[in-house]
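All chains are named by letter (A, B, ...) in the order of the sequence lines, taking the proteins before the strands, and each is independently numbered beginning at 1.
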Number of protein chains: 2
Amino acid sequence: MLEYIIIGMALNDPLTGYDIKKYIENGISVFYKASFGSLYPALKKLTEKGYLTMTEQQQGNRQKKFYQATEEGKIIFDEWLALPVDLNDTTESRLVKIYFFDNLSSETRDRQLREYELNNVNYLRKLELLEKQFDEMPNKDDFYFKLSTLYYGIRIIQENIEWCKHLQEHKPLKDFIGRKI
Amino acid sequence: MLEYIIIGMALNDPLTGYDIKKYIENGISVFYKASFGSLYPALKKLTEKGYLTMTEQQQGNRQKKFYQATEEGKIIFDEWLALPVDLNDTTESRLVKIYFFDNLSSETRDRQLREYELNNVNYLRKLELLEKQFDEMPNKDDFYFKLSTLYYGIRIIQENIEWCKHLQEHKPLKDFIGRKI
DNA sequence: GAGGCCATGTAAACTGTTACATGATTTG
DNA sequence: CAAATCATGTAACAGTTTACATGGCCTC
């Protein structure tokens with residue numbers, strides 16, 4: 001995950017590891033946190049693999065390393081981006097991919113969103129089936145909180161579907177929040 | 001995380017590793033997946049630490065190992081359960097903890113839910129501030145999808161708050177879903 | 001000149017996955 | 001009797017965090 005995030009951040013301008021950390025913090029810190037301990041080794045690895053170029057630059061008494069995505073880096077980034085958003089991944093890693101959807105062609109993006117919506121609809125059906133099973137049980141109150149996580153899940157999947165529709169129609173984002181009754 | 005889940009599952013009846021896997025699948029597979037490769041070593045480790053007891057039993061030609069939480073195991077499980085639900089954790093691991101909330105005393109549970117709600121409210125304020133900043137920028141359409149993740153986040157936090165209120169009032173779970181306009 | 005930010009990195013530990021390996025029991 | 005499920009485990013690898021270590025630059 002982190003490797004793709006790094007390439008995605010260094011797609012255009014050459015950036016230092018420290019810059020990339022900043023970009024991650026300002027852009028996706030809500031759902032993804034990167035530590036230097038994982039960032040710097042990843043930069044080294046990606047450069048060795050040929051997905052990033054590194055150019056050193058002296059600034060005063062300080063040696064900085066600037067990284068930028070190579071053509072190959074862009075290719076594997078695009079491949080990753082075009083891979084379906086997997087409902088088995090955590091909410092957070094799914095959001096990471098959608099964060100980069102501006103980079104996608106509108107055709108691929110629409111395909112992705114349609115597929116994600118469909119997967120959510122199918123998953124919702126599965127959860128609703130589960131709900132029906134539990135609903136028939138007696139002494140439901142003994143596991144009210146256990147059950148509550150299922151209902152939370154259903155609610156979130158419903159939200160996902162609404163969100164997908166919203167994004168496909170390119171509706172104003174403000175309309176997605178604050179529509180409480 | 002897995003260690004607490006295991007203890008939480010083996011709180012009452014003695015269970016085999018295989019049983020625990022089943023419990024995890026039937027109860028929390030929606031947001032947590034455990035593999036045997038992590039489960040069995042964890043059982044061994046927890047037994048060594050004294051949080052589980054293991055009793056072997058011959059059944060036909062098969063040697064089964066039954067695990068059950070010790071008093072010490074129950075204590076550290078309760079400690080973990082009483083620790084605040086951390087918004088920095090993934091959605092999924094937060095749900096794991098709430099799944100076990102039936103085990104909590106109603107006082108601790110209410111404290112937990114109140115605190116979680118408050119943290120969500122504060123977090124919502126932070127995100128709304130962020131939203132305001134981005135809203136003032138020109139060419140917002142160039143990062144429509146980047147921004148969409150922020151709006152998704154706000155929406156989910158709003159849902160979290162609704163959910164917390166719902167659970168505190170012990171309202172019927174069915175009322176939490178299907179309240180679309 | 002002290003404190004905070006800029007900048008790069010390493011080492012140990014932790015947590016987990018995937019694939020492999022083995023064999024018993026049950027059910028169609 | 002074959003296939004599915006029950007049952008337990010190991011080994012290699014992957015990805016990450018936390019803590020440590022070092023030093024330059026900037027601003028009050």
* Decide, yes or no, whether a salt bridge links B:K97 with B:D89 under the criterion of side-chain N to carboxylate O below 4.0 Å. => no
Polar pairs (N or O, both sides) under 3.5 Å between protein and nucleotides 18-21 of chain C?
none

* **Shortest side-chain distance from A:M1, nucleotide among C:dT8, C:dG9, D:dT16** => D:dT16
* Please tell me which of A:Q59 and A:L2 maps to the more 5' nucleotide of DNA chain D, matching each residue to the nucleotide holding its nearest heavy atom. => A:L2
* Atom NZ of B:K65 and atom P of C:dA24: how far apart are they, to the nearest Å? -> 16 Å
* Take atom CD of B:E56 and atom C1' of D:dT8, then tell me their distance rounded to the nearest Å. => 11 Å
* Asked: Would A:R109 and A:Q112 count as having a side-chain donor-acceptor pair, cut-off 3.5 Å?
  -> no
* What is the distance, rounded to the nearest whole Å, between atom CG of B:D86 and atom P of D:dT17? -> 14 Å
* A:K21 has an atom NZ; how far is it from atom P of C:dC5, in whole Å? -> 13 Å
* Structure fact -> Ranking C:dG16, C:dT15, D:dA7 by distance to the side chain of B:K45, first place goes to C:dT15
* **Atom-pair distance (NZ on B:K64; P on C:dT25), nearest Å** => 10 Å
* Asked: Parallel, tilted or perpendicular: which describes the rings of B:F100 and B:F77, with under 30° parallel and over 60° perpendicular?
  -> perpendicular
* To do: Answer yes or no: is there an ion pair linking A:K44 with A:E48, defined by an N-O contact shorter than 4.0 Å?
  => no
* To the nearest Å, give me how far apart CG (A:L39) and P (D:dG15) are. => 15 Å
* Would A:K64 and A:Q59 count as having a side-chain donor-acceptor pair, cut-off 3.5 Å? -> yes
* Asked: Regarding B:E131 and B:Y151, is there a side-chain donor-to-acceptor distance under 3.5 Å anywhere?
  -> yes
* Structure fact -> Considering only heavy side-chain atoms of B:Y67, the closest of D:dG9, C:dG16, D:dA7 is D:dG9
* Is B:E159 salt-bridged to B:R155, cutoff N-O under 4.0 Å? -> yes
* Structure fact -> Testing C:dC6, D:dT10, C:dA24 for proximity to the side chain of B:K44, the answer is D:dT10
* Within this structure, what is the CD1-to-P distance between A:I5 and D:dG15, rounded to whole angstrom? -> 13 Å
* To do: Any chance you could measure B:F145, atom CZ, to A:L95, atom CG, to the nearest 0.5 Å?
  => 13.0 Å
* Under-4.0 Å side-chain N/O to phosphate OP1/OP2 contact, B:Y4 with C:dT15 -> no
* To do: Tell me which nucleotide among D:dG24, D:dA7, C:dA24 gets nearest to the side chain of B:N61.
  => C:dA24
* Taking five pairs at each end, how big is the angle between the two axes of the helix from C:dG1-D:dC28 to C:dG28-D:dC1, to 10°? -> 30°
* Asked: Do the charged groups of B:E25 and B:K22 touch, with an N to O distance under 4.0 Å?
  -> no
* Under 4.0 Å between any heavy atoms, over every strand shown, what does B:F66 touch: base, sugar-phosphate, or nothing? Just pick one. => nothing
* Taking CZ from B:R62 and C1' from C:dT25, how many angstroms apart are they, rounded to a whole number? -> 5 Å
* **Residues B:K49 and B:E3 bridged, charged N to O under 4.0 Å** => yes
* Are any of B:Y40's side-chain N or O atoms less than 4.0 Å away from OP1 or OP2 of C:dG16? -> no
